[in-house]
Protein chains: 2
Amino acid sequence: MSENLTMKIIREHMISTADNVRPGEEVLVKVDHTLTQDATGTMAYLQFEAMGIPKVRTRVSVSYVDHNTLQTGYENMDDHVFLQTFAQKHGVYFSRPGNGICHQVHLERFSEPGYILLGSDSHTPTSGGAGMLAIGAGGLDVAVAMAGGPFGMPMPKVVGVKLTGKRQPWVAAKDIILEMLRRLTVKGGVGKVFEYHGDGIEDLTVPERATICNMGAELGATTSIFPSDHITLSYFKRQNREKMWRELGPDEGARYDELIEINLSELEPLIAQPHSPDNVATVRSIQGLKLDQVCIGSCTNSSFHDLAIAGHVLRKKRVAQNVQMTLTPGSRQVFATIARNGILADIISAGARILESACGPCIGMGQAPKSGGISLRSFNRNFEGRSGTPDAKVYLCSPETAAVSALRGILTDPRDFEGDYVTEKEPEVYDTNDTGMIIEPSEDPDSVEVVRGPNIKPLPIRGPLEEKMEGKVLIKVGDNITTDHIMPAGSKILPLRSNIPAISEFVFIRVDPDFPKRAKENNGGFIVAGANYGQGSSREHAALAPMYLGVKAVIAKSFARIHRSNLINFGILPLRFADEADYELVSSFDELIIDDVQKQLQSGSEIVVRIGSGREIKTVCDVSERQRNILFSGGLLNHIKHSQAEEGSTVTQSAVEAAGHLGESTMVSSNGQFRPGKPHEVTSSGRKDGESA
Amino acid sequence: MSENLTMKIIREHMISTADNVRPGEEVLVKVDHTLTQDATGTMAYLQFEAMGIPKVRTRVSVSYVDHNTLQTGYENMDDHVFLQTFAQKHGVYFSRPGNGICHQVHLERFSEPGYILLGSDSHTPTSGGAGMLAIGAGGLDVAVAMAGGPFGMPMPKVVGVKLTGKRQPWVAAKDIILEMLRRLTVKGGVGKVFEYHGDGIEDLTVPERATICNMGAELGATTSIFPSDHITLSYFKRQNREKMWRELGPDEGARYDELIEINLSELEPLIAQPHSPDNVATVRSIQGLKLDQVCIGSCTNSSFHDLAIAGHVLRKKRVAQNVQMTLTPGSRQVFATIARNGILADIISAGARILESACGPCIGMGQAPKSGGISLRSFNRNFEGRSGTPDAKVYLCSPETAAVSALRGILTDPRDFEGDYVTEKEPEVYDTNDTGMIIEPSEDPDSVEVVRGPNIKPLPIRGPLEEKMEGKVLIKVGDNITTDHIMPAGSKILPLRSNIPAISEFVFIRVDPDFPKRAKENNGGFIVAGANYGQGSSREHAALAPMYLGVKAVIAKSFARIHRSNLINFGILPLRFADEADYELVSSFDELIIDDVQKQLQSGSEIVVRIGSGREIKTVCDVSERQRNILFSGGLLNHIKHSQAEEGSTVTQSAVEAAGHLGESTMVSSNGQFRPGKPHEVTSSGRKDGESA
């Protein structure tokens, strides 16, 4: 049977007795790469530490610092130092603050076609641009993967996205993914992998493909992926990593569960309007909008080409007086490159404010717009309040649209720019000297002391599943609630990511400032929600902090994938309304009771919930056996500890495997020889360099 | 009589009937230039607005944005937009965020030898490097100056600082001012102007001279100044402003009140240790100290040479793994220059984190070190907690020492660097196109609407002086209390500078977290302090916020100049212990009573204070008649309003003058023709281009 690329990679990494896993059923895969960033990383490493394993068992694990870089208090640098020393002690590469945004740097320096990357950041799919199956997950899933355990996910449907034709000038990769969002909405990718193919992919460089994969996260997709082809090879050559390239693609005539076709030549510049990435219009249709701020950067659009086109547009011109413009390069490599060839000088001279290479304004880490301000950004998310200004209106577009609009001070279709579409040439080979910037694990880990500042608090862990659950509906929310609603980020809250008691005081505060108080006063309770609950970032704090506040179950019409896993990992029941209409029957402050939870969960997926008034509603908890056991234990970390207790020993590889029901024979092989930028042989199970799987 | 440069400029600007003003007596001068930054500017412009004058009456007034640039909430950009629109409406130049640090940009684009600059920032003396008499003051003083009123200050003693010899390689201008601080301490400059002269000044470029003048603020000096000579001319040529240069210096054999001599050839690299700029040692004597952070930048050391030497040191090397290094260019001009010639690329490649051109970490606006971290900075202040980390230890040094130490990871004498002391050549002419970056006042001010976001709250104003003052000693503090102690800055508090009720909740909180609560519960009261109370920044919020909390008087052994003026401007009595030993007689929570305050103040400088127990102590309130009247009115703004009420009209030029007892004939001439970067004739009273006054 002609196989698509996604299934090839999954099949090669699958750990399962079942021959045929159907879409939606849980599949366990082994993980080759992991990445963390600092906002999710401290917790993930504390969880890894709780497993008692001295050294990561992945092919390569990298710890990045890109979120908490403002450092308005000691907390951020305390975390950085913890991460750096932890990485050195436990076999993890550490990318220093200033070295760049995790996804951009991973793409540049670590990505490998055909491997699986699990990252504790929802935009991990970025490396799909280089043919990786790159998946975002909660920090605890990443911790388990670092410990050598498998990653469980619903077997995705594979959607073939056939690109044909060639873009017109000023039409960007960003416009392709905005077109996908326009067609499919933020719920359209749930349970799916988008596999791009067709002649049109020839029109896209690896960083452009990465833009598309990156923002595929906004579709709710498991991930997105491009084949590894001659364009990928030329990218690897520029990165001085051609030895790590191999050709990899779908079989001729590969089958897909669904098909989408986009004719690139018909696309025009698009824009996502407030407050959702799928609220897409053509730039032309709303042009003229007066702007207060324009921001170029973020993991979506901060590679060389993105900044080069901005430099070309801005050269010898000035940003309009009503606009504050910022630029955040994606990596030190990109930053140094544009600093060498004059692009950066042009951008500075034009009046843009240059921010360090990090996530920055995209996560509300500075550069909050003025009250009610209009901000045009080359970023991936425009959720309400995420910019740091509650009533700001954020629009998402390509760097092309952003740069041209910054000059005019109003939203402008970039095709109206009075100049050709040309950019500074990309270097044949980038500066790929990572020495001292991507710090290798210590060769003498015993000598490394992990430094823990006062911001790093122990992990809270809940007890095993109750016999009977009862409590109030603490909050009832609508559709498409994001993890930003549940656990806001931004410059004031993100620094508390290593301190659950402190950060819990901010759960839902932008929706309902009394939520934390009410949750504590009522000794926890339930959350009721509409469809696509928990979309957006991968932050497990959106499960961990509610768990700390006593939330026992979330009853929703549907869940976003990563958040649902996070709920399970932290022992919160994810219950789906069997009949969506029942959503109307439950109100805030209703008393809910679930009798015999364990028994109900044991005997099937149906869970009956009694509303205080006496009425009953049916909900569904469609979990795998592994997930059911995790819920019984009160969360994944408990579950691993139980497995370990049953063995009567300290946490071992087999305990971690037991948590994932792995046999000895399926252990993930670890390759200590991996060095970024240094050629090496691919030695993991059954593959050789250059061999097409 | 052979006159020194300082006295020439003061004499030319003096508004006084007295022939001979002795040091310490108040002298009133007219002000040519004003500058504000955003943290002090919003309040200064609200005060200017309260005077009802449509257009500034200075030669040139500039509004800069450099403090609140992190924008972690809407407050900062709201302030920026207020400042921008206010400037356009009221005849003020507006330097956009990203255009650079006020002092660096003023030096580059506006400084004029022989003129008086009054700035609402304590480091305003920076322009003394170009022969200006540049003085820091509270925002209200600057507002009055913008309204055409005079500036009153104690007539300073002029200290001649004779520089001889030539520095050894790796000895920086910073080391000269550190040597001054070593000899004189942070109290050594109170009431003094330091006038540098001697053959040694030939060894110093204008930016190097500016470094020395800038950090002269740490001596407590009124200001510092260098002559305008051929080196100044070459600087003005590079700035494309040679028409604004004129030769200006002391007369041959000029007399000084005091003399200091420094032989530059004997100097070696110096460092100020925690937590005071005068805690100076040689780098050699404490070298080897392990560092966590190195920061280059700030208004003291962020000009071309400072960053060029850093680039030279870092080229093709890497910042040590234990160090986080940051670089903040002083201005867009400097930033673009190093981005064009490869210096910036070298610094990025070396692993430094590049921050936007602004004050940044110097004012705790980001980059707080880790808990207990050691931070080495090319800045001017190392007060405890100012970095944003309460227990961090901050050391101050030259960019040379900072860069070499960043490579080694330990404090290192830069003379140990394994390379020559050479740098990239300074451009013959910088990019001096300010169009659109320094926005000119509107030609149609009526069409400009001043935009006020929700962070901009009305000014609180106190009533006239009481008949009898009584209240508790709310706090008793020691010597050298800084304005950072009184009114902390940092990323969380600075954004509230336009909102006095909100910012008042932070008065003294780093010294005594209960202060604001206690002050309000007791309906205000007194502050008792040691020597040099209120040193450091010019922030008038250190007087305004205590006034808002009901503070009636501060009794101290001595006061820093700017803060003392601010206390008077906001109607708080600055009382000096007649006998310093009496400091011991007053305790926290003592009840103090001052009977017949008005009568006592009217009849002389002695003010008797009764301590609740019955004992009396004598204090001195040595104010000028003008200041006495301000205190009677309950502050300067009240005083101006009273003058206006007496005239039965809206605030007028003469009302402002009345506040300063000016006659019609002494009106400050306004020159609407001033354009930065554009040659113009100097037309103000009695001077011509090139004429030495």
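Reckoned from all heavy atoms, side chains included, excluding hydrogens, waters and symmetry mates. Every chain is numbered from 1, with letters handed out A, B, ... down the list of sequences.
- Separating the CG atom in A:L355 from the CD1 atom in B:I354 is a distance of 12.0 Å, to the nearest 0.5 Å.
- Neither the backbone nor the side chain of B:N455 comes within contact range of chain A; no heavy atoms are under 4.5 Å apart.
- The candidate from B:D346, B:D292, B:T337 with the greatest count of non-hydrogen atom pairs under 4.5 Å with chain A is B:D346.
- Between A:S349 and B:A336, the shortest heavy-atom contact is OG-CB, 3.6 Å.
- Side chain of B:Q367 to main chain of A:T69: a donor-acceptor pair is present (N/O by atom type, distance under 3.5 Å, no hydrogens or angles).
- Going from atom CG of B:N99 over to atom CD1 of A:I348 covers 12.0 Å, rounded to the nearest 0.5 Å.
- The contact between B:R332 and chain A is made by backbone and side chain atoms together, counting heavy-atom distances below 4.5 Å.
- The contact between B:A320 and chain A is made entirely by backbone atoms, counting heavy-atom distances below 4.5 Å.
- If you measure heavy-atom distances from B:N433 to chain A, the contacts under 4.5 Å come from both the backbone and the side chain.
- With A:D78 contributing its side chain and B:S371 its backbone, the two residues share a donor-acceptor pair below 3.5 Å.
- For the pair B:R96 and A:Q324, the minimum side-chain heavy-atom distance is 4.5 Å or more.
- The parts of B:R340 that come within reach of chain A are both its backbone and its side chain, each placing non-hydrogen atoms under 4.5 angstrom from that chain.
- Contacts between B:Q84 and chain A at a heavy-atom distance below 4.5 Å involve the side chain alone, from C-beta outward.
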